[in-house]
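Keep in mind it's a predicted model, so treat the numbers as computed, not measured.
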Amino acid sequence: MGDSSGSVSVDMETISVTGKEHLVKTGRGYVSVAVFGDQDKPALITYPDLALNYMSCFQGLFYCPEAFSLLLHNFCIYHISPPGHELGAAVMSLDDPVLSVDDLADQIVEVLDYFRLGKVMCMGVTAGAYILTLFAVKYTQRVMGLILVSPLCKAPSWTEWLCNKVMTNLLYYCGMCTLVKELLLLRYFSKEVRGSVEVPESDVVQACRRLLGERQSPNVLRLLEAMNERPDITQGLRKLKCRSLIFVGESSPFHSEALHMTSKLDRRLSALVEVQACGSMVTEEQPEAMLVPLEYFLMGFGFYRPSQCNVSPRSPLSPTSISPELFSPESMGLKLKPIKTRFSEEV
């Protein structure tokens, strides 16, 4: 199965890769959930950033063979889409309720109840990270751990509030126009991949631009307004007793927000990974930078990479196969703060 080309071989018979879409009725409207894997396994739920869904927010990470084998071997994945953000979504009706961030967090517990899930692992990006954190604060007993990418926890700054207001007006009057797409791409990606006059934008940015063109602007507008009215949940972070792993790109407009959030979490149960030359959406721009921290984080819960997975010597999930001097945060473009070895401590 394996070869010397640097690829990863996965026993496909043991991992289900066929996703199934579920439309879950909640007290606050319908929610689309794409389920991948064996539903007898522990649950990992994901929630994307504004104007995205799992295909445009988590595809880069899950298409990494190492991440695929690690996550699908240990979890059944439940990709939750914000209302109206699922693939092929129609324009939401005026009769559909206008949801707050609290409503969105409450929807998640109804989704868990629908699938008869107990404690779950959570992974969210920016707006999705905020909603999952709010969910964790409100329903602490339902959360096993948090994996947050460029998370938010404070109310919008004046700069963010103003930018969101501009996008709100553009979405209302012009739809998903070129300027809205550019503002969203600034939110997601670093300048290194957005390109310039001399350097073309990367494939991942081009793909995201195309996918944004498929979004229904009234649906995006609803989520944007909810996020622009979000409350500060900093005080609630001290209530969290689960372990947390935070990723943030150094070029993310929410970099300082992630640092602030990390400072408010219990240092014994949290770790911060800063990714150099990367924007907010680490899952798409530099998913390989997440692999080693993810594996060590999940080891603290007793989850491991499958033994039948033949990993190449160049894989970051095979530390015994590479020289020690190369297996360092600096060589991978990472900065780990404030801790990186406390995952195995007893809670």
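- You'll find the side chain of V33 reaches within 4.5 Å of the side chain of F115, heavy atoms only.
- Listed here is the closest heavy atom pair of P48 and P82: CG-CD, 3.5 Å.
- Partners of R215 under the side-chain hydrogen bond (donor to acceptor under 3.5 Å, both in side chains) rule, at least two apart in sequence or in another chain, do not exist in this structure.
- Taking NE2 of H79 as the start and NE2 of H22 as the end, the distance is 12.5 Å to the nearest 0.5 Å.
- Scored by the side-chain hydrogen bond (donor to acceptor under 3.5 Å, both in side chains) test, H260 finds T234 as partners (sequence neighbours excluded).
- Listed by first and then second residue, the side-chain hydrogen bond (donor to acceptor under 3.5 Å, both in side chains) pairs that reach into residues 168-186 are E182-R209, sequence neighbours excluded.
- Checking S270 against S244 by side-chain atom types alone, no donor-acceptor pair falls below 3.5 Å.
- Annotation for M227 and P156: closest pair O-CG, 3.7 Å, computed over non-hydrogen atoms.
- Among residues at least two apart or in separate chains, salt bridge (charged side-chain N to carboxylate O under 4.0 Å, His left out) pairs with a member in residues 144-161 are E160-R230.
- Contact of the L237 side chain with the C153 side chain is registered, since non-hydrogen atoms from C-beta on lie closer than 4.5 Å.
- Heavy-atom minimum distance, L50 versus V220: CD1-O, 3.9 Å.
- Nearest heavy-atom pair, C64 versus E288, reported as atom, atom and distance to 0.1 Å: SG-N, 4.4 Å.
- Looking at residues two or more places apart in sequence or on another chain, you find no salt bridge (Lys or Arg N to Asp or Glu O under 4.0 Å) involving E225.
- Each of V101 and W161 belongs to its own hydrophobic cluster when Ile, Leu, Val, Met, Phe, Trp and Tyr are linked at side-chain heavy-atom distances under 4.5 angstrom.
- Taking 4.5 Å as the limit, every side-chain heavy atom of L52 sits out of range of all side-chain heavy atoms of V125.
- For the atom pair CG (L212) and OG (S56), the distance works out to 7.0 Å, reported to the nearest 0.5 Å.
- Ring pair F68/Y63: centre-to-centre distance not below 6.0 Å.
- Applying the side-chain hydrogen bond (donor to acceptor under 3.5 Å, both in side chains) test to E285 and every residue at least two apart in sequence or in another chain returns S190.
- With a 4.5 Å cut-off on side-chain heavy atoms, V120 and L44 do not count as touching.
- In this structure, P83 and Y30 have side chains that are not in contact, with every pair of non-hydrogen atoms separated by 4.5 Å or more.
- In this structure, the separation between CE on M299 and OH on Y304 is 5.0 Å, given to the nearest 0.5 Å.
- Residues H255 and E274 bring a donor and an acceptor atom of their side chains to less than 3.5 Å of each other.
- Partners of E21 by salt bridge (Lys or Arg N to Asp or Glu O under 4.0 Å), not counting sequence neighbours: none found.
- Contact check for F247 versus S150: no side-chain heavy atoms found under the 4.5 Å cut-off.
- Contact of the F254 side chain with the L152 side chain is registered, since non-hydrogen atoms from C-beta on lie closer than 4.5 Å.
- Taking the side chain as every heavy atom from C-beta outward, P151 and T126 never approach each other to under 4.5 Å.
- Remark: of the listed residues Y47, F36, F62, F36 is the sole one forming a ring-ring contact (aromatic ring centres under 6.0 Å, His included) with Y54.
- Taking V204 as the reference, F189, S202, E284 meet the side chain to side chain contact (heavy atoms under 4.5 Å, CB included) condition, with sequence neighbours excluded.
- Ring geometry for F303 versus F75: interplanar angle of 30 to 60°, hence tilted.
- For R194, there are no salt bridge (Lys or Arg N to Asp or Glu O under 4.0 Å) partners, not counting sequence neighbours.
- For D232, the salt bridge (Lys or Arg N to Asp or Glu O under 4.0 Å) criterion is met by no residue, not counting sequence neighbours.
- Applying the side-chain hydrogen bond (donor to acceptor under 3.5 Å, both in side chains) rule to E110 yields the partners R28; only residues at least two apart in sequence or on another chain are considered.
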Show me the donor-acceptor pairs, under 3.5 Å and distance only, between side chains in residues 129-149 and residues at least two apart or in other chains.
from : atom 1 : to   : atom 2 : distance (Å)
Y130 : OH     : P231 : O      : 2.7
T133 : OG1    : A129 : O      : 2.7
K138 : NZ     : D102 : OD1    : 3.1
K138 : NZ     : D106 : OD1    : 2.9
K138 : NZ     : D106 : OD2    : 3.3
Y139 : OH     : D106 : OD1    : 2.7
R142 : NE     : G118 : O      : 3.4
R142 : NH1    : D113 : OD1    : 3.2
R142 : NH2    : D113 : OD1    : 3.1
R142 : NH2    : L117 : O      : 2.7

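- Note: I45 CD1 to I77 CD1 = 11.0 Å, rounded to the nearest 0.5 Å.
- R187 has a carboxylate O that lies under 4.0 Å from a charged side-chain N of D49, or vice versa, which qualifies the two as a salt bridge.
- Note that CE of M92 and CD of Q216 are 11.0 Å apart. Values are rounded to the nearest 0.5 Å.
- Distance CG/D96 to OG/S93: 5.0 Å, rounded to 0.5 Å.
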